[in-house]
Every structure is written in C-alpha cells, then in structure tokens.
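Step one of this worksheet: look at the structure below.
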Amino acid sequence: MAGIVVCVVVLVAASAFGVLNRRRSGRVRVRGRDGGKRLGAAELGEDLGERATLVQFSSAFCAPCRATRRVLGEVAGLVPGVTHVEIDAEDHLDLVRELDILKTPTVLVLDADGRVVRRATGQPRKADVIAALGEAVGTSCPVTLDEAGGRR
C-alpha cells in the first residue's frame with residue numbers, strides 16, 4: 001500500500017512540474033536580475049540594431065532553436081531597425097554564465113543601447129516578440145498581428 005501512495009505522490013509532483021514548466025516556456029518577461037545589463041558588438045560579435053536587437057542563445061541539437069530562429073528572423077524583417085543575432089551557447093560559455101542562461105533557446109530583447117529589457121526561455125510566440133520590441137523601442141511597433149499570428 002505504501003508503494004502505491006509513493007507512486008501517486010511522484011506522479012502528481014511530476015505532472016505539476018510539467019504543467020508549470022509548459023506554461024512558463026516561451027513567455028517573454030522582465031527579470032529583475034537583468035536590470036542594468038548591457039551587451040555590445042564586442043559580446044555579440046555583430047553590431048546592435050538601430051532600434052532594437054533580438055539575441056538568441058542556441059545549441060546545435062535544439063529543435064525549438066530552429067523554430068525560434070525562423071520566428072525572430074521574420075520579426076526582424078518586419079520591424080525596421082531591428083537585428084536578429086544568434087549566439088551558439090556552447091561557444092560563448094562566459095557570456096552564458098554572466099547572463100544566467102540556463103536553457104536553449106533563450107531570447108534577449110535589447111534596446112538601441114544594448115540594455116536587456118525582456119527575456120524569453122523556450123520558443124516565444126511572434127506576437128509576444130513584437131510586443132516586447134514595442135517596449136524596447138519605446139513606442140508601439142508598426143506591425144500588428146491578427147489572432148492567427150499573421151501580419152495585418
């Protein structure tokens with residue numbers, strides 16, 4: 001009987017963890033630990049965008065990283081002055097540790113000065129990225145999305 005109780009407790013705990021992790025993955029949010037951190041061309045290996053920069057930390061065998069690359073590339077193409085920079089987490093471990101990157105993909109939204117304004121862990125939705133860019137550039141973005149995520 002004790003074995004069944006332990007089994008049920010483990011299953012409930014694992015299910016709760018899975019649901020919580022799934023709800024948080026891909027959500028663009030502000031983290032207090034990012035306050036004041038800036039990245040420049042030296043850290044990124046590329047110039048910052050004129051208005052904002054989308055920085056993606058990826059790894060070689062990460063399937064969500066490929067989908068995130070596509071979404072961020074599309075958004076960068078839609079919004080003038082926005083650049084997408086992809087960084088291989090394995091090749092930049094010092095930067096990964098400094099920025100507390102725990103999993104890939106992780107996306108940082110930087111303003112024109114390179115200040116981290118938003119962060120997403122997991123694959124973000126296109127609408128969330130556009131909304132975060134609106135905050136990074138200090139105005140509303142010139143692109144609106146319909147409910148299906150298509151451009152209007």
Side-chain angles (χ1 to χ4, degrees), residues 13-152:
S15 297
F17 175 77
V19 168
L20 179 64
N21 189 37
R22 180 121 171 118
R23 290 190 70 191
R24 294 184 65 186
S25 183
R27 298 187 70 186
V28 179
R29 60 191 173 277
V30 176
R31 287 186 9 159
R33 292 181 285 189
D34 288 334
K37 289 189 179 173
R38 287 182 184 220
L39 298 175
E43 293 89 4
L44 300 178
E46 295 183 33
D47 290 334
L48 292 172
E50 183 181 313
R51 297 176 68 200
T53 306
L54 300 169
V55 180
Q56 175 185 348
F57 285 88
S58 300
S59 54
F61 299 104
C62 167
C65 294
R66 291 189 290 277
T68 299
R69 177 184 313 122
R70 182 182 47 77
V71 167
L72 298 181
E74 289 174 8
V75 171
L78 291 173
V79 183
V82 174
T83 302
H84 171 225
V85 176
E86 187 171 3
I87 296 175
D88 186 345
E90 297 169 15
D91 292 341
H92 296 86
L93 289 177
D94 290 338
L95 187 58
V96 165
R97 288 184 187 111
E98 178 185 336
L99 296 170
D100 197 26
I101 306 294
L102 301 177
K103 70 184 247 185
T104 58
T106 293
V107 177
L108 304 178
V109 180
L110 310 179
D111 63 11
D113 297 326
R115 194 173 317 111
V116 178
V117 295
R118 292 277 182 183
R119 170 187 288 245
T121 302
Q123 182 181 343
R125 296 179 321 139
K126 184 188 278 189
D128 291 338
V129 174
I130 291 173
L133 279 175
E135 182 180 333
V137 299
T139 60
S140 61
C141 275
V143 176
T144 57
L145 298 178
D146 60 21
E147 292 184 19
R151 187 176 179 181
R152 277 198 262 179

Query raised in the report: Passes side-chain contact (heavy atoms from CB on, under 4.5 Å), L39 versus L99? Steps please.
Result: CA-CA 10 Å; L39 298 175; L99 296 170; 4.0 Å; yes
Requested in this report: Show your reasoning for whether side-chain contact (heavy atoms from CB on, under 4.5 Å) applies to L102 and T121.
Outcome: CA-CA 8 Å; L102 301 177; T121 302; over 6 Å; no
Restricting to non-hydrogen atoms, name the atom on [X] and the atom on [Y] that form the minimum distance, rounded to 0.1 Å.
| X | Y | answer |
| --- | --- | --- |
| Q123 | A67 | NE2-CB, 3.4 Å |
| T68 | G122 | OG1-O, 4.4 Å |
| D100 | R119 | O-NH1, 3.3 Å |
| V137 | A52 | CG1-CB, 4.0 Å |
| L48 | A112 | CD1-O, 3.8 Å |

Requested in this report: Just grab all the salt bridge (charged side-chain N to carboxylate O under 4.0 Å, His left out) pairs involving residues 39-50, residues at least two apart or on different chains.
Outcome: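 Matches after skipping sequence neighbours: none remain.
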Query raised in the report: Which residue pairs satisfy the salt bridge (charged side-chain N to carboxylate O under 4.0 Å, His left out) criterion with at least one member in residues 75-86, sequence neighbours excluded?
Result: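 Listed once each, the pairs are R69-E86.
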If you round to the nearest 0.5 Å, how far is [atom2] of [Y] from [atom1] of [X]?
| X | Y | atom1 | atom2 | value |
| --- | --- | --- | --- | --- |
| L54 | R118 | CG | CZ | 13.5 Å |
| I87 | T104 | CD1 | OG1 | 13.0 Å |
| R66 | S58 | CZ | OG | 10.0 Å |

Requested in this report: Taking D88 for its side chain and E90 for its backbone only, find out whether a donor-acceptor pair lies under 3.5 Å.
Outcome: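 Present.
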Requested in this report: Would you please test V129 and V107 for side-chain contact (heavy atoms from CB on, under 4.5 Å) and show each step?
Outcome: CA-CA 9 Å; V129 174; V107 177; 5.7 Å; no
Between side-chain atoms of residues 74-85 and protein atoms elsewhere (two or more places apart, or another chain), which donor-acceptor pairs fall under 3.5 Å?
{"from": "E74", "atom 1": "OE1", "to": "K126", "atom 2": "NZ", "distance (Å)": "2.7"}
{"from": "H84", "atom 1": "NE2", "to": "Q56", "atom 2": "OE1", "distance (Å)": "3.0"}

Query raised in the report: Only one of L44, V116, L72, L95 clears side-chain contact (heavy atoms from CB on, under 4.5 Å) with V55; which?
Result: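 The side-chain contact (heavy atoms from CB on, under 4.5 Å) with V55 is passed solely by L44 among L44, V116, L72, L95.
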Report task. Scan residues 41-124 for pairs that pass disulfide (SG to SG under 2.5 Å), counting only residues two or more places apart or in two chains. Result ->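 Checked against disulfide (SG to SG under 2.5 Å) - neighbours excluded - the pairs reaching residues 41-124 are C62-C65.
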Query - disulfide (SG to SG under 2.5 Å): pairs with one or both residues in residues 83-112, sequence neighbours excluded - result: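 Checked against disulfide (SG to SG under 2.5 Å) - neighbours excluded - no pair reaches residues 83-112.
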Query raised in the report: Considering residues at least two apart in sequence or located in another chain, which fulfil the side-chain hydrogen bond (donor to acceptor under 3.5 Å, both in side chains) criterion with T53?
Result: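 Partners of T53 by the side-chain hydrogen bond (donor to acceptor under 3.5 Å, both in side chains) criterion come out as none, since no residue qualifies.
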